[in-house]
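These numbers were taken from a predicted model, which means no experiment stands behind them. Whatever order the structure lists ligands and atoms in, that order sets their numbers, starting from 1.
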Amino acid sequence: MIVDLHTHSYYSDGVLSPKDIVMKAVNAGCHFLSLTDHDSIEGLKEASICSKDLNLNFIQGVEISAKHLSQSIHIVGLGVNPYNKPLLDGLMKNNKLRINRAKEIGKSLAHAGIENAYEKTKSLSKTKYITRTHFAQMMIKEKICNNLPSVFKKYMTGNKPGAVKVDWASSVEVINWIHQSGGLAILAHPLRYKLTLTKMKKLVSELKDIGLDGIEIVNSFSSLDDIAKSKKIADEYELLYSCGSDFHGWPNQSIELGKIPLYDYGKKFVLNYL
Ligand code: AMP
Ligand code: MN
Ligand code: MN
Ligand code: MN
C-alpha cells in the first residue's frame with residue numbers, strides 16, 4: 001500500500017495546487033494522502049473535494065512550526081478538523097510571527113547587500129505567509145545563488161543573515177491545538193534536527209509527556225538504518241509510526257510524491273488510528 005502523509009502545496013512552500021497534488025498522488029498509485037502545509041489548512045478543502053472525486057483516501061493534515069525549549073521542531077497534525085477554532089487561532093498566531101520574521105529577514109538581507117528582499121519575495125508566495133523557501137526562490141530568480149541547497153547554506157540557516165530566529169508557539173500549545181481539533185500529533189523528520197541520540201531521546205520523552213502521539217519513521221531518503229533508528233525511539237516511548245515524502249514539487253529535487261521506501265508498519269501504523 002502506498003501511503004504519503006506529508007506533502008506541501010502552494011499554500012505554503014510547495015509548487016503545486018492542492019488539486020495537482022491529489023492528481024499526482026492518484027497517478028503515483030497512492031492509497032492514502034495527506035496534505036500538510038506549513039502552519040496552513042488553506043489547501044485542505046480543495047484537496048479533499050478533489051480526492052473524493054478521484055476516489056483517493058484523503059487525510060486532513062497540517063505541519064506546525066513549534067519551539068521545544070530552544071529547539072525548533074515541526075509537528076504534523078493528522079486527521080485534524082480544519083474548522084476547529086483553537087487550531088485556526090493557533091495557526092494565526094504562528095502566521096503573525098511568520099509575517100514579522102519575513103520583514104526582519106528582508107532587513108537582515110539588506111545589510112548583507114540584497115536590497116528589497118521582502119518586497120521581491122512577497123510576489124512569489126500565494127499567501128501573505130512567506131517561508132524561507134520563498135526567499136530562497138527569490139535569490140535563485142535574481143541569480144544570487146543557483147539552487148535551494150546553496151541558498152539555504154549561504155543565507156538561510158545557522159547564523160547566516162536570512163536565518164532570523166522565531167519564537168514559534170511552544171510544543172505544548174501546538175500539540176494541544178492538534179488534539180483539540182481531533183488530530184494526532186506526529187514529530188516530523190526526527191533525524192533532520194541533527195541531535196545526538198541522548199538529546200533526541202530527551203526531546204521525544206518530553207514530547208511524549210505532553211501528548212505526542214507518533215513519529216515519522218520513514219521519509220523520502222530514509223535508509224533501512226534510519227528507519228530502524230527512528231522506530232527504536234518510537235518503540236521506547238510507545239509512539240505510533242507515520243511516514244511521508246515531504247514532497248514540495250521544487251524543480252531539480254529528487255523527492256517524488258508517494259515515493260518512499262515501502263515498509264511493513266504493523267499494528268502501530270498511524271493509519272490504524274485515524
Ligand atoms: P520556514 O518554515 O519558513 O522556516 O521554512 C522551512 C522550510 O525551508 C522547510 O520546510 C524546508 O522546506 C525548507 N528548508 C529548510 N532547510 C532547507 C535546506 N537546507 N535545503 C532546502 N530547503 C530547506
Ligand atoms: Mn517546507
Ligand atoms: Mn518540516
Ligand atoms: Mn514538510
Side-chain angles (χ1 to χ4, degrees), residues 4-16 21 33-41 43 61-68 71-78 91 93-106 108-109 117-118 121-122 124-140 145-169 171 174 185-194 215-216 218-222 230 242-257 260:
D4 196 333
L5 303 177
H6 187 157
T7 65
H8 296 273
S9 75
Y10 61 25
Y11 283 105
S12 62
D13 57 353
V15 173
L16 303 178
I21 295 269
L33 170 77
S34 183
L35 176 66
T36 54
D37 274 312
H38 296 290
D39 304 307
S40 170
I41 47 83
V62 62
E63 181 177 19
I64 310 182
S65 317
K67 200 87 178 226
H68 182 80
Q71 174 76 43
S72 283
I73 55 173
H74 285 172
I75 301 180
V76 165
L78 294 177
L91 297 180
K93 180 177 165 172
N94 261 3
N95 281 320
K96 277 189 185 145
L97 297 169
R98 207 175 256 294
I99 293 176
N100 289 338
R101 180 189 61 166
K103 291 177 185 162
E104 289 303 316
I105 292 178
S108 180
L109 288 176
Y118 176 61
T121 302
K122 264 200 302 195
L124 298 177
S125 176
K126 181 159 179 71
T127 72
K128 54 183 188 294
Y129 311 124
I130 299 169
T131 66
R132 279 182 292 158
T133 314
H134 293 109
F135 279 97
Q137 281 166 347
M138 180 277 288
M139 286 191 260
I140 293 169
C145 286
N146 287 330
N147 51 49
L148 277 178
S150 76
V151 195
F152 271 92
K153 198 165 166 208
K154 278 191 194 150
Y155 291 100
M156 309 307 294
T157 50
N159 53 10
K160 300 296 162 62
V164 175
K165 295 271 177 297
V166 195
D167 268 324
W168 299 116
S171 46
V174 169
I186 311 292
L187 179 65
H189 40 62
L191 303 184
R192 204 152 347 130
Y193 308 117
K194 307 241 180 297
I215 298 186
E216 258 180 21
V218 182
N219 287 115
S220 287
F221 304 121
S222 304
S230 310
S242 187
C243 64
S245 62
D246 208 358
F247 174 78
H248 286 73
W250 301 316
N252 309 322
Q253 226 214 3
S254 44
I255 294 179
E256 280 300 330
L257 197 117
I260 55 174

Engineer: Please list every donor-acceptor pair under 3.5 Å in which a side-chain atom of residues 8-16 meets a protein atom from a residue at least two apart or in another chain.
Structural biologist:
| unit_1 | atom_1 | unit_2 | atom_2 | d |
| --- | --- | --- | --- | --- |
| H8 | ND1 | S12 | OG | 3.3 |
| H8 | ND1 | T36 | O | 3.3 |
| H8 | NE2 | H6 | NE2 | 3.3 |
| H8 | NE2 | E63 | OE1 | 3.0 |
| H8 | NE2 | D246 | OD1 | 3.0 |
| S9 | OG | Y11 | N | 3.1 |
| S9 | OG | D37 | OD2 | 2.6 |
| S12 | OG | D37 | OD1 | 2.5 |
| S12 | OG | H38 | N | 3.2 |
| D13 | OD1 | H38 | NE2 | 3.2 |
| D13 | OD1 | H248 | NE2 | 3.1 |
| D13 | OD2 | H38 | NE2 | 3.3 |
| D13 | OD2 | T133 | OG1 | 2.9 |
| D13 | OD2 | H248 | NE2 | 3.4 |

Engineer: So, taking the atom named CG in L33 and the one named CG in L257, what distance separates them when rounded to the nearest 0.5 Å?
Structural biologist: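 Rounded to the nearest 0.5 Å, the CG-CG separation comes to 6.0 Å.
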
Engineer: If you count the atoms of ligand 1 from 1 in the order shown, which ones are under 4.0 Å from a heavy atom of T133?
Structural biologist: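 Close to T133: 7 (C), 8 (O), 12 (O), 13 (C).
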
Engineer: Pairing donors with acceptors under 3.5 angstrom, does anything connect the side chains of S65 and D39?
Structural biologist: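 Side chains of S65 and D39: pair found under 3.5 Å.
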
Engineer: To check your reading of the model: name the closest protein heavy atom to atom 11 (C) of ligand 1, its residue, and the distance in Å.
Structural biologist: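 For this ligand atom, the closest protein heavy atom is D13 OD2, 4.0 Å.
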
Engineer: Can you give me every donor-acceptor pair (side chain of residues 153-164, partner residue at least two apart or in another chain, under 3.5 Å) with its distance?
Structural biologist:
| unit_1 | atom_1 | unit_2 | atom_2 | d |
| --- | --- | --- | --- | --- |
| T157 | OG1 | F152 | O | 2.7 |
| K160 | NZ | K153 | O | 3.2 |

Engineer: Among W168, F152, F135, whose heavy atom sits nearest atom 21 (C) of ligand 1?
Structural biologist: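 Among W168, F152, F135, the closest heavy atom to atom 21 (C) of ligand 1 comes from F152.
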
Engineer: For Y193, which residues count as a ring pair (Phe, Tyr, Trp, His ring centres under 6.0 Å) partner, sequence neighbours excluded?
Structural biologist: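 Residues passing ring pair (Phe, Tyr, Trp, His ring centres under 6.0 Å) with Y193: H189.
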
Engineer: Compare every heavy atom of S245 with every heavy atom of T7, then report the nearest pair and how far apart it is.
Structural biologist: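 For T7 and S245, the tightest heavy-atom pair comes out as CG2-OG, 4.1 Å.
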
Engineer: Backbone, side chain, both or neither: what part of T157 comes under 4.0 angstrom of ligand 1, heavy atoms only?
Structural biologist: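 Looking at T157 and ligand 1, no heavy atom falls under 4.0 Å.
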
Engineer: Listing by chain and number, what protein N/O/S atoms are under 2.8 Å from the Mn ion (ligand 4)?
Structural biologist: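 Counting only protein N, O or S atoms under 2.8 Å from the Mn ion (ligand 4), the list reads H6 NE2, H8 NE2, E63 OE1, D246 OD1.
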
Engineer: Identify which of M156, R101, H8, H38 has a heavy atom lying nearest to atom 1 (P) of ligand 1.
Structural biologist: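 The option holding the nearest heavy atom is R101.
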
Engineer: Atom 4 (O) of ligand 1: which protein heavy atom is closest, and how many Å away?
Structural biologist: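 Ranked first by proximity to atom 4 (O) of ligand 1 is R132 NE, 2.8 Å.
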
Engineer: What atoms of ligand 1 come closer than 4.0 angstrom to any heavy atom of H248?
Structural biologist: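 Heavy-atom distances to H248 below 4.0 Å select 12 (O).
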
Engineer: Judged by non-hydrogen atoms, does W250 sit under 4.0 Å from ligand 1?
Structural biologist: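 True for this residue.
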
Engineer: Minimum heavy-atom separation for S220 and I255, please, with both atom names.
Structural biologist: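 Here S220 and I255 meet closest at OG-CG2, 3.3 Å.
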
Engineer: Taking it one step at a time, do H74 and W168 satisfy side chain to side chain contact (heavy atoms under 4.5 Å, CB included)?
Structural biologist: CA-CA 10 Å; H74 285 172; W168 299 116; 5.9 Å; no

Engineer: Looking at T121 and A117, what are the two nearest heavy atoms and their distance?
Structural biologist: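 Closest approach of T121 to A117, heavy atoms only: OG1-O, 2.6 Å.
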
Engineer: By number and element, which atoms of ligand 1 are closer than 4.0 Å to a non-hydrogen atom of R98?
Structural biologist: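 Matching atoms, with element in brackets: 1 (P), 2 (O), 3 (O).
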
Engineer: Output the list of atoms in ligand 1 that are nearer than 4.0 Å to some heavy atom of T131, sorted by atom number.
Structural biologist: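 That gives atoms 3 (O) of ligand 1.
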
Engineer: Minimum heavy-atom separation for I130 and S125, please, with both atom names.
Structural biologist: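 Looking at all heavy atoms of both residues, the shortest contact is CG1-CB, 4.2 Å.
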
Engineer: Considering non-hydrogen atoms only, spot the tightest contact between A66 and V174 and give its length.
Structural biologist: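 In this case the closest contact between A66 and V174 is CB-CG2, 3.7 Å.
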
